[in-house]
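See below for the structure under consideration.
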Amino acid sequence: MRAGARSPPPGTLSRPMTERYDPSVIEPKWQRVWAEERTWEVSNEADERPRSYVLEMLPYPSGEPHMGHLKVYSVGDALAHYRRRAGMRVLHPMGYDAFGLPAENHAIKTGQHPRASTEASIAQFREQFRSWGISIDWSRELGTHEPEYYRWTQWIFLRLLERGLAYRKEAAVVWCPVDETVLANEQAPGGFCERCGSAVESRQLEQWFFRITDYADRLLDDLATIDWPEHVVTMQRNWIGRSPGAEVVFRCESAGVDYPVFTTRPDTLFGATFFVLAPEHPDVLGLNDSAEVREYVDRAISASPEERGAELREKTGVPLGRTVTNPVNGEEIPMFVADYVLMEYGTGAIMAVPAHDERDFEFAGRYGVEVRRVIEGGEELPYTGDGPMTASGRFDGRHNREAYDEIVEWLASEGRGRAAVNYKLRDWLLSRQRYWGCPIPVVHCPVCGVVSVPDEDLPVELPEIEDFAPRGRSPLAAAEDWVRTSCPSCGGEARRETDTMDTFVDSSWYFLRYCDARNDAEAWSEQALATWMPVDQYIGGVEHAILHLMYARFLTKALADLGLLGFQEPFANLFTQGMITRDGAKMSKSRGNVISPRQYVERYGADTARCYILFIGPPDHDADFSDEGVGGVHRFLARLWRLAVEVAGSEGRAGSGGSDGEPGRQHRASPALRKTHWAIDKVTGDLRDRFAFNTAIAALMELLNDLYRDKEAMLASEAGRGQLRDCVATAASLLFPFAPHLGSEVYELMTGRRVWEERWPEADPRLLEREVVQIVVQVNGKLRDRVEAPAGASENEQERLARASAKVAAQIDGGQVVKTVVVPDRLVNFVVR
RNA sequence: GCCCGGGUGGCGAAACCGGUAUACGCGGAGCACUCAAAAUGCUCUGCCCGCAAGGGCGUGCGGGUUCGAGUCCCGCCCCGGGCACCA
């Protein structure tokens with residue numbers, strides 16, 4: 001069976017349920033079948049089929065699903081369906097990223113427990129996903145807030161703690177004054193809280209961190225081993241921000257202190273004419289505690305990140321009245337404190353080379369410091385390019401790139417420096433002073449210090465509390481009975497850790513849990529992971545390009561190092577879908593332009609909503625949702641339905657016409673059958689090789705248009721009717737990944753069988769070949785005529801046919817044909833002089 | 001400023017390897033069915049000149065390569081996104 005359809009066995013013909021296309025009847029019918037028969041459940045027992053793990057990013061359940069959810073699941077489901085029918089064993093699970101601030105903020109406002117509101121949302125999401133007909137293995141459903149899940153989140157935390165990959169330290173951290181919690185620095189890009197948008201502050205606090213910086217190089221290098229969109233790879237690369245360079249030590253004789261600095265340009269060392277400390281540098285006031293310095297430092301530290309980083313802000317600073325010694329030439333150069341130097345990067349101190357650095361140049365101009373050129377090239381200073389070195393002692397005349405390593409070696413041999421690499425990436429700050437998250441499973445014992453809760457005592461469950469408002473510490477701290485506990489080590493009185501984990505920890509490993517979601521003895525079995533991981537196709541929004549995707553990659557590598565996983569990367573392929581906008585703008589509650597998928601599903605049916613969102617444009621682009629467009633797609637589905645009903649009703653009709661005379665010829669190559677196989681080829685390619693759902697649906701529209709054109713003639717004969725039935729069944733079969741309900745219904749109507757139990761159709765290559773092709777004839781590259789030629793005609797034959805065209809002859813007229821270009825089966829171009 | 005995308009009819013878009021630009025859908029016009037309307041089916045629909053046959057022009061702008069460029073190269077303009085004092 002090549003076209004995926006054959007005539008039904010006698011007696012199995014279905015009759016249409018309704019005359020009009022009525023999704024409110026068709027869709028629940030199939031949803032019931034899939035739910036009752038648990039059609040999409042898949043076992044962990046391997047069989048001969050190749051496996052495929054298709055996964056959309058874990059949704060945060062808030063209210064009800066929005067258009068973005070409809071899009072991501074329409075994409076993922078189309079893929080999952082296609083792969084199943086292409087003979088793969090497909091894992092396509094669902095769960096909820098259920099801890100988080102919105103539910104907790106809601107609780108603060110209304111008093112409703114975050115668990116109650118979250119679970120109400122989950123019920124909404126679950127119900128709507130069912131109503132969309134998404135093919136989910138519900139036996140693996142999970143919520144990150146369930147003790148059965150977060151028990152293992154805590155277990156993972158303890159493994160990292162044992163390895164020294166989780167640790168506590170006091171540091172300047174990002175504090176969101178509105179959410180009253182600390183944040184990871186990547187969760188406050190540009191100085192604003194990622195969640196609530198308020199300007200963040202800097203605070204000195206002791207917090208929990210994951211040592212993600214240990215993995216910086218591997219996170220960078222392994223990007224080469226995964227197939228991800230280039231822009232996401234670039235964003236991760238930039239975020240890691242690896243800079244090779246050197247550490248160079250400058251000595252301050254008067255204070256008797258060595259100051260190491262990081263530089264990417266040790267080749268410009270001879271041009272260093274001053275030295276700068278960040279305002280946060282702990283030594284500043286020790287070097288000079290004048291009122292002026294004190295005031296400058298205070299102001300710089302209290303400034304919000306966005307004030308300090310303001311683009312047009314002029315460089316400011318204060319001289320410290322001290323000098324350091326430039327190790328390459330022994331010169332004493334002045335020290336400054338200036339806020340363009342950041343404490344978080346490098347050592348919080350820099351050597352300044354104004355001739356070859358724009359920022360240093362600007363500062364030197366304002367403070368009258370010497371600008372000394374040490375690299376030749378460029379018309380004016382600052383010059384940041386390469387060239388021969390000058391005023392650089394023994395390196396004069398050498399090209400800077402070439403002398404680079406030698407300079408570093410020389411510094412090292414003098415004990416004044418070494419090669420070094422710096423990263424922008426910071427350790428992941430994971431503790432949060434909030435209630436609705438996974439408790440950090442440690443206790444603080446006055447005798448033993450920080451002690452892990454033993455594995456057998458997990459999970460450490462969230463206590464029930466009444467007041468969720470944060471007050472600069474976790475609301476958990478108020479649950480005295482819960483906080484007070486005994487030390488697992490010495491048995492003495494101890495207190496529980498009251499911070500909870502960043503919810504990004506929860507979502508950094510859920511894809512592992514899906515593989516073995518009901519395992520209550522361990523987080524996962526080796527066999528389950530071996531069966532499914534890594535995820536073959538991960539699908540989600542580009543807004544997670546850095547946070548979620550970096551964290552999940554880190555945790556995977558850390559768990560692999562602990563011997564708990566056998567792979568280094570969680571997501572082999574990534575697809576980022578574009579946003580759904582409304583009148584060109586992002587949908588948001590504040591704009592009041594949110595449209596819920598629900599209204600469209602209720603009005604047009606899930607199949608229409610799903611197809612429309614895929615048809616609107618390439619899935620990785622942003623797309624504007626318009627009401628007019630939906631109607632067109634709905635008309636297409638209704639048209640297929642009507643054709644199917646008509647074909648089903650035509651069975652008893654006598655072959656009244658006289659066109660039954662040449663059944664053989666019709667069988668061999670009716671245009672409808674050819675078009676059907678063209679559509680098989682097109683849809684398969686669009687689904688298998690690209691994510692071109694829009695053109696796949698367009699191809700099915702074309703097919704249907706052709707079938708309508710030929711319908712009357714085909715219905716007139718017995719053979720034609722059979723063939724039309726096959727064509728409609730195949731159309732339904734190809735449509736199934738996008739419109740599973742209608743696809744199932746029409747297929748059943750045509751064949752009596754269930755479409756998802758059928759192999760994906762295969763195009764017959766003989767039916768893809770044309771007997772006659774149209775040849776484009778050009779004169780000097782301009783289209784002049786089209787002629788017909790037998791497929792596979794020789795170049796000479798093609799040229800002969802092209803020359804026979806009167807229009808072409810008129811164009812050539814008196815001219816001389818100097819060259820003829822022939823593209824087989826496509827084109828002939830006469831070059832005329 | 002740097003790094004990614006993108007710019008094609010009235011609109012969403014297609015053209016996958018340099019070979020018929022505008023598939024498919026929306027919108028618009030017309031015809032059929034109807035007492036009428038809706039629904040449905042069919043036809044037309046890039047711009048300009050022309051009664052027509054036909055011709056010219058057309059993928060943000062300017063150049064280039066090529067028999068032939070939406071597609072490749074160089075230089076710009078505009079829109080969207082990311083990063084942005086990271087030494």
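A quick note: this is a predicted structure, and the numbers were derived from the prediction, not measured. Each chain gets a letter, A, B and so on, in the order the sequences are listed, and its residues count up from 1.
The aromatic rings of A/Y345 and A/F262 sit perpendicular, their planes meeting at an angle over 60°, well past the 30° parallel limit. Using the six-membered ring where Trp is involved, A/Y600 and A/Y604 have ring planes that are parallel, under 30° apart on the 30 and 60° scheme. Classified by interplanar angle (parallel below 30°, tilted 30° to 60°, perpendicular above 60°), the ring pair A/F693/A/F738 is perpendicular.
Taking atom P in both B/C78 and B/G27, the straight-line distance is 35 Å, to the nearest Å. Using atom C1' as the reference point in both B/A36 and B/G25, the two lie 30 Å apart (nearest Å). B/U66 and B/G60 are spaced 23 Å apart, taking the C1' atom of each and rounding to whole Å. Using P as the reference atom, B/G19 and B/A37 are 48 Å apart when rounded to the nearest Å. Nucleotides B/U59 and B/G7 are separated by 9 Å at their C1' atoms, to the nearest Å. With P as the reference atom, B/G6 and B/G55 are 36 Å apart, rounded to whole Å. For the P atom pair drawn from B/G18 and B/U71, the interatomic distance equals 11 Å after rounding to whole Å. A gap of 9 Å separates the P atoms of B/U22 and B/G46, to the nearest Å.
Between A/R826 and B/G68 there is no side-chain polar atom (N or O) within less than 4.0 angstrom of OP1 or OP2. Applying the 4.0 Å criterion to OP1 and OP2 of B/A87, one finds that A/S243 has a side-chain N or O inside that range.
The nucleotide B/A14 finds no pairing partner, because no Watson-Crick or G-U wobble arrangement with both distances shorter than 3.5 Å includes it. Remark: B/G50 base-pairs with no nucleotide; criterion is Watson-Crick or G-U wobble with both hydrogen-bond distances under 3.5 Å. Base pairing of B/U71 is not made with any nucleotide, judged by Watson-Crick or G-U wobble geometry with both donor-acceptor distances under 3.5 Å. Pair assignment for B/U20 gives none, since no Watson-Crick or G-U wobble pairing has each distance under 3.5 Å. A 3.5 Å limit on both hydrogen-bonding distances identifies B/A29 as the Watson-Crick or G-U partner of B/U43. Remark: B/U59 base-pairs with no nucleotide in the shown strands. Criterion, Watson-Crick or G-U wobble with two distances under 3.5 Å.
In B/G58 the O4'-C1'-N dihedral to the base is more than 90° from 0, which defines an anti nucleotide. B/C31 takes the anti form, because its glycosidic angle lies more than 90° either side of 0.
A straight line from CD1 of A/I697 to P of B/A23 spans 18 Å, rounded to a whole angstrom. Across the protein-nucleic acid pair, A/D622 atom CG and B/C4 atom C1' stand 14 Å apart, rounded to whole Å. Here B/C67 presents its C1' atom at 16 Å from CD of A/Q816, a figure rounded to the nearest Å.
Within the 3.5 Å criterion, the main-chain N or O of A/T316 finds a donor-acceptor partner in the side chain of A/Y296.
If you check every strand for non-hydrogen atoms under 4.0 Å, A/K711 touches nothing. Nucleic acid contact for A/Q774: base, since at least one base atom lies under 4.0 Å from a heavy atom of the residue. Contact annotation for A/Q778: base contact, defined as any heavy-atom pair under 4.0 Å involving a base atom. Among the heavy atoms of the strands, none lies under 4.0 Å from A/R237.
Here the two rings, on A/Y612 and A/F625, have centers that are under 6.0 Å apart.
Between B/A87, B/U20, B/G41, one nucleotide has an atom nearer to the side chain of A/V341 than all others, and that is B/A87. Taking the side chain of A/N694 as heavy atoms from C-beta on, and the options B/G82, B/A14, B/C24, the nearest nucleotide is B/A14. Residue A/R690 has its side chain nearest to B/A15 when only B/U40, B/C57, B/A15 are considered.
Salt bridge annotation for A/D607-A/R610: absent, with no cationic side-chain nitrogen under 4.0 angstrom from a carboxylate oxygen.
There is no side-chain donor-acceptor pair under 3.5 Å between A/Q774 and A/R826.
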